[in-house]
Novice: 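Below is a structure I'd like to ask you about.
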Amino acid sequence: MNREDSPQNQESRDGGFGFTLLRKDKGSEARLGRITTPHGEVETPVFMPVGTQGTVKSLTPEQVFGLGSRIILSNTYHLYMRPGHDLIRKMGGLHRFMNWDHPILTDSGGFQIYSLGALRKITEDGASFQSHIDGSRHFISPEVCMDIQEALGSDVMMCLDECIPYPADFAYAERSLDMTLRWARRCKAARKNEHQALFGISQGGEYGELRRRGIEELVDMGFDGYALGGVSVGEPKEIMREITSEFAPMLPQEKPRYLMGVGLPEDIVESVYHGIDMFDCVMPTRNARNGMLFTSHGKVVIRNARYRGDDAPVDSACSCYTCRNYSRAYLRHLFIAGEILAIVLNTIHNISYFMNLMRQIREAIVKDTYRAFRDDFMSKLTVTDPENN
RNA sequence: GGAGGGGUUCCCGAGUGGUCAAAGGGAGCAGACUGUAAAUCUGCCGGCGAAGCCUACGGAGGUUCAAGUCCUCCCCCCUCCA
């Protein structure tokens, strides 16, 4: 890797990328770790708020950091389309551009190959997109993808992959997997800045033999971390659980393991149990904007009539800014009135909830009580909460 | 006092003989959201348990097989002229 010799290294604050496995829970596969990046350290298991367009929607970077976030996710495809990676490069990179001087992971655009299915075409060479913004045509190959992510200057780059939908038949899943593996090889060959970490992504749909072979090949190639991709694309929960429980342990012990796009609090708790270290999901931010709040007693749809005159905080067990200062009745009023502050306060709460959850998860691992923590968490899901009924 | 326009389901507002429990908004109510084309999307929105029946288009009466739609009278609102 020659990190010590790279010119970028001398400019960096803390050196290159690294992962230290600090502890493994005795009763489960759960792990406690530390990721080191040029922009700071991250304790794992970690949740990365999603900031697709170079912003965690509705929050300032100071707020995001203040809530406990130490790494965020941003997006190659979206920043390439607008404002353009060359502009961001000229502006000194994404960290400076968005005023976030902490770690950033950039997704590759692989998810847009899935989510913008109607607007793209895949060939062996890469993916051509018709811009969802102005209809113009663009082409992203593994090489272009690396160039964009290096222009953005993210701390962790993701390989370009094809995230296939669910369900997908075996033949398609296999063909796609093999292409994704060739793309991974090309990404690795094309990257110029060894200072930015590069993660490989497992695909193969729901097919165990494909997952297994894919992971073996990725590990042979050698990446700084490994992701399980192709989940949270509409598959039944059991399938996601199977993939996670069976293949997280197959990923190298000494590298971070990232479950892409996950997820619900219970999905996170369950996945940590099987040895996942990193998560990202739009859920806390998007659902906040849609009026759904995560709480220790289940979800709260703040616009519901039952909260009209409710003077209690959203979650009495939460000490976030929103819960310390505002009633459900006020939050409901703001949301129904379409006020911007509703979105801000909701997002503060949801991100706060996820950060607290991750903190509790780490504490449980430290205490070697993760299994009990997880069992307790899951049992509460099925209990009807008195406070909320 | 004269001339004209209008009163529609919670609100606004379409509808000028049957295809009308009545378009479309809004409000209200509920649901969805998992590497963000998302401050988005979906459903419900007179009553009764379904086929169906009942109650509804200012009020009363009438014409017609059939009226929110046509006629008569009445009540109320708006504009202009005195």
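All values below were derived from every heavy atom in this structure, side-chain atoms included, with hydrogens, water molecules and symmetry-related copies excluded. Protein chains get the first letters and strands the later ones, always in sequence-line order, with residue 1 at the start of each.
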Novice: Taking atom types as modelled, find out whether A/D125 and A/T123 have a side-chain donor-acceptor pair closer than 3.5 angstrom.
Specialist: no
Novice: List in chain and number order the residues that pass side-chain contact (heavy atoms from CB on, under 4.5 Å) with A/D376, two or more places apart in sequence or in another chain; answer none if no residue qualifies.
Specialist: A/S379, A/K380
Novice: Can you tell me the Watson-Crick or wobble partner of B/rA32, both distances under 3.5 angstrom?
Specialist: B/rU40
Novice: Classify A/L259 by what it touches in the nucleic acid, base, sugar-phosphate, or nothing, heavy-atom distance under 4.0 Å.
Specialist: nothing
Novice: Could you tell me how far B/rG59 sits from B/rG49 if I compare only their C1' atoms? Round to whole Å.
Specialist: 35 Å
Novice: At under 4.0 Å between heavy atoms, what does A/S58 touch on the DNA or RNA strands: base, sugar-phosphate, or nothing?
Specialist: nothing
Novice: Please identify each residue that fulfils side-chain contact (heavy atoms from CB on, under 4.5 Å) with A/A127, with sequence neighbours left out.
Specialist: A/I113, A/F129
Novice: In chain order, what residues pass the side-chain contact (heavy atoms from CB on, under 4.5 Å) check against A/A189, with sequence neighbours excluded?
Specialist: none
Novice: Suppose you measure atom P in B/rA3 against the same atom in B/rU55; what distance do you get, rounded to whole Å?
Specialist: 39 Å
Novice: Is there a Watson-Crick or G-U wobble partner for B/rC10 with both distances under 3.5 Å, and if so, which one is it?
Specialist: B/rG26
Novice: Toward the 5' end of RNA chain B, which comes first, A/G229 or A/G338, by nearest nucleotide?
Specialist: A/G229
Novice: Looking only at side-chain N and O atoms, does A/Q112 come under 4.0 Å of OP1 or OP2 in B/rU36?
Specialist: yes
Novice: Between B/rG62 and B/rA21, how many Å separate the two P atoms, rounded to a whole number?
Specialist: 24 Å
Novice: Spell out protein contact along nucleotides 29-34 of chain B as letters: B when the base is contacted, S when just the sugar-phosphate is, - when no protein heavy atom is under 4.0 Å; keep the 5' to 3' order.
Specialist: SBBBBB
Novice: Looking at every strand, decide which applies to A/Q203 at a 4.0 Å heavy-atom threshold: base, sugar-phosphate, or nothing.
Specialist: base
Novice: Identify whether any heavy atom of A/G230 sits under 4.0 Å from a base atom; if not, whether one sits that close to sugar-phosphate; answer base, sugar-phosphate or nothing.
Specialist: base
Novice: If I pick the P atom on B/rU42 and the same atom on B/rC33, what distance separates them, to the nearest angstrom?
Specialist: 15 Å
Novice: For B/rA60, give its Watson-Crick or G-U wobble partner with both distances under 3.5 Å, or none.
Specialist: B/rU72
Novice: Can you run down the ring pair (Phe, Tyr, Trp, His ring centres under 6.0 Å) pairs that involve residues 332-367 of chain A, sequence neighbours left out, and say none if there aren't any?
Specialist: A/F47-A/F354, A/F294-A/F354
Novice: Enumerate the residue pairs fulfilling salt bridge (Lys or Arg N to Asp or Glu O under 4.0 Å) with a member in residues 165-180 of chain A, sequence neighbours excluded, ordered by first and then second residue.
Specialist: A/E174-A/R213, A/D178-A/R213
Novice: Considering only atom C1', compute the distance from B/rC12 to B/rU64 and round it to an integer number of Å.
Specialist: 33 Å
Novice: Could you measure between the two P atoms, the one in B/rU69 and the one in B/rG25, and give it in whole Å?
Specialist: 26 Å
Novice: Looking for any heavy atom pair under 4.0 Å, which part of the strands does A/L73 touch: base, sugar-phosphate only, or nothing?
Specialist: sugar-phosphate
Novice: What is the distance, to the nearest angstrom, from the CG atom on A/L198 to the C1' atom on B/rG35?
Specialist: 15 Å
Novice: B/rU36 C1' sits how many Å from A/F129 CZ, rounded?
Specialist: 14 Å
Novice: Going by purine N1 to pyrimidine N3 plus the second Watson-Crick contact, or the G-U wobble pair, all under 3.5 Å, which nucleotide sits opposite B/rA3?
Specialist: B/rU79
Novice: With A/I239, which residues qualify under side-chain contact (heavy atoms from CB on, under 4.5 Å), at least two apart?
Specialist: A/Y166, A/E206, A/E235, A/P236, A/I243
Novice: Between B/rU19 and B/rA32, how far is it from one C1' atom to the other, in whole Å?
Specialist: 35 Å
Novice: Can you find a side chain N or O atom of A/S115 that sits less than 4.0 Å from OP1 or OP2 on B/rA37?
Specialist: yes
Novice: Mapping A/E339 and A/I201 onto RNA chain B by nearest heavy atom, which one lands closer to the 5' end?
Specialist: A/I201
Novice: Figure out the NE2/C1' separation between A/H132 and B/rU40, and round it to whole Å.
Specialist: 14 Å
Novice: Pair up each side-chain donor or acceptor in residues 281-291 of chain A with any protein partner under 3.5 Å, not counting sequence neighbours, and list the distances.
Specialist:
| residue | atom | partner | partner atom | Å |
| --- | --- | --- | --- | --- |
| A/T285 | OG1 | A/V282 | O | 2.9 |
| A/R289 | NH1 | A/T285 | O | 3.3 |

Novice: Could you work out the complete set of other residues in the hydrophobic cluster of A/I164, with links drawn between I, L, V, M, F, W and Y side chains under 4.5 Å apart?
Specialist: A/Y172
Novice: How would you label the contact of A/L119 with the nucleic acid (heavy atoms, under 4.0 Å): base, sugar-phosphate, or nothing?
Specialist: base
Novice: Please determine whether a side-chain nitrogen of the Lys or Arg among A/R70 and A/E41 lies less than 4.0 Å from a carboxylate oxygen of the Asp or Glu.
Specialist: no
Novice: Within residues 161-183 of chain A, find the residues that approach RNA chain B with a heavy atom at under 4.0 Å, and present them sorted by residue number.
Specialist: A/D161, A/C163
Novice: Expressed in whole Å, how much space separates the C1' atoms belonging to B/rA56 and B/rG2?
Specialist: 37 Å
Novice: Regarding A/R211 and A/E246, does a basic nitrogen lie under 4.0 Å from an acidic carboxylate oxygen?
Specialist: no
Novice: For a quick check under 3.5 Å, do A/D155 and A/H39 share a side-chain donor-acceptor pair by atom type?
Specialist: yes
Novice: Without placing hydrogens or testing angles, list every side-chain donor-acceptor pair under 3.5 Å for residues 144-152 of chain A, not counting sequence neighbours.
Specialist:
| residue | atom | partner | partner atom | Å |
| --- | --- | --- | --- | --- |
| A/Q149 | OE1 | A/T106 | OG1 | 2.8 |
| A/Q149 | OE1 | A/M158 | N | 3.0 |
| A/Q149 | NE2 | A/M158 | O | 2.8 |
| A/E150 | OE1 | A/K192 | N | 3.4 |
| A/E150 | OE2 | A/K192 | N | 2.6 |
| A/E150 | OE2 | A/N193 | N | 2.9 |

Novice: Residues of residues 345-365 of chain A with any non-hydrogen atom less than 4.0 angstrom from an atom of RNA chain B: list those, numerically ordered, please.
Specialist: none
